[in-house]
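A, B, ... follow the sequence lines: proteins, then strands. Residue 1 opens every chain. Since we're looking at a predicted model, the values are computed, not measured.
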Amino acid sequence: MVRIPWLKADVETAAKRLLGCELWATLHGGVVRLRIVETEAYHQTDAASHSYKGKTPRTEVMFGPAGHVYVYFSYGMHYCMNIVTGESGEGSAVLIRAAEPLGGIGLLRANRPGIADPQLINGPAKLCKALGVDKTWNGHDLSKPPFKLIERPALKPDQVVQTTRIGISQAKDVPWRFYIKNSPFISKA
DNA sequence: CTCTGGATTGAC
DNA sequence: TCAATCCAGAGG
């Protein structure tokens, strides 16, 4: 059951709306709270999306209900985390690229020893590493503990920057990356 | 079965 | 600038 109605809206709207929302996770017995500051939208009709060529075993959860986590493994060493959006049957999701620690930062540091705070979670794979997210979380419903998405009021439009996505070779021109203006926690521009 | 390239990161 | 290091997806 989706408790956040706008997650079922179009993926561009959802990507924008996820900025400022929080992720709460239980880690090593403590609670970590993050504020999402950077997102990217991916859709079935988008050549850069894993769902572009239709449903496959890997992308199955992208086609499932909104509000679940889609985790994929890449470059032989990294995990990245998405939040599934849209109606079931539609292959869309929002990549969480960076966040701001609100609580439990010590637990994040424990997962990334030797890394300075500004680099703790300012990238999609860094975020997963710090949160201990791997494929075992693929498909998890974010309305349930121990890993939850908490809705927050929408940001004012002038606080949101819209630009092109990072690290892709297809559809480079599609402006589906969003981040909170002036946030020091976004990934490298 | 084999081959290719990637929604990245951090060390040089 | 580039290696690390695996696997999904495509083609045979």
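Using a 4.0 Å cut-off, no side-chain N or O of A:Arg97 falls inside it from OP1 or OP2 of B:dA7. Applying the 4.0 Å criterion to OP1 and OP2 of B:dG10, one finds that A:Lys126 has a side-chain N or O inside that range. When the side-chain nitrogen and oxygen atoms of A:His50 are compared with OP1 and OP2 of B:dA7, one or more of them lie within a distance under 4.0 Å. The shortest distance between the side-chain N/O atoms of A:Thr59 and the OP1/OP2 oxygens of C:dA8 is not below 4.0 Å. Not one side-chain nitrogen or oxygen of A:Ser74 sits closer than 4.0 Å to the OP1 or OP2 atom of B:dG6.
When Watson-Crick and G-U wobble pairs are counted only if both distances are under 3.5 Å, C:dC2 pairs with B:dG10.
For the pair A:Arg35 and A:Phe185, the cation does not sit on the ring face, since its NZ or CZ is not both under 6.0 Å from the ring centre and inside 45° of the axis.
Under the side chain to side chain contact (heavy atoms under 4.5 Å, CB included) rule, A:Cys128 has a single partner from A:Tyr72, A:Tyr79, A:Phe73, which is A:Tyr79.
Listed candidates were C:dA8, B:dG10, B:dT9. Nearest to the side chain of A:Lys135 is C:dA8. In the set B:dG10, B:dA7, C:dA10, the nucleotide with an atom closest to the side chain of A:Asn82 is B:dA7.
One donor-acceptor pair, N or O on each side, does fall under 3.5 Å between the base of B:dA7 and the side chain of A:Tyr72.
Taking atom P in both B:dT2 and C:dT5, the straight-line distance is 22 Å, to the nearest Å.
Among the protein residues, A:Arg58 comes within range of the sugar-phosphate backbone only, with heavy atoms under 4.0 Å from sugar or phosphate atoms but none that close to a base. Within 4.0 Å of A:Tyr75, counting heavy atoms only, lies at least one base atom of the nucleic acid. Across all strands, A:Leu95 comes closer than 4.0 Å to base atoms (heavy-atom distances).
Aromatic rings from A:Trp137 and A:Phe147 are positioned such that their centres are separated by under 6.0 Å.
You'll find the side chain of A:His68 stays beyond 4.5 Å of the side chain of A:His140, heavy atoms only.
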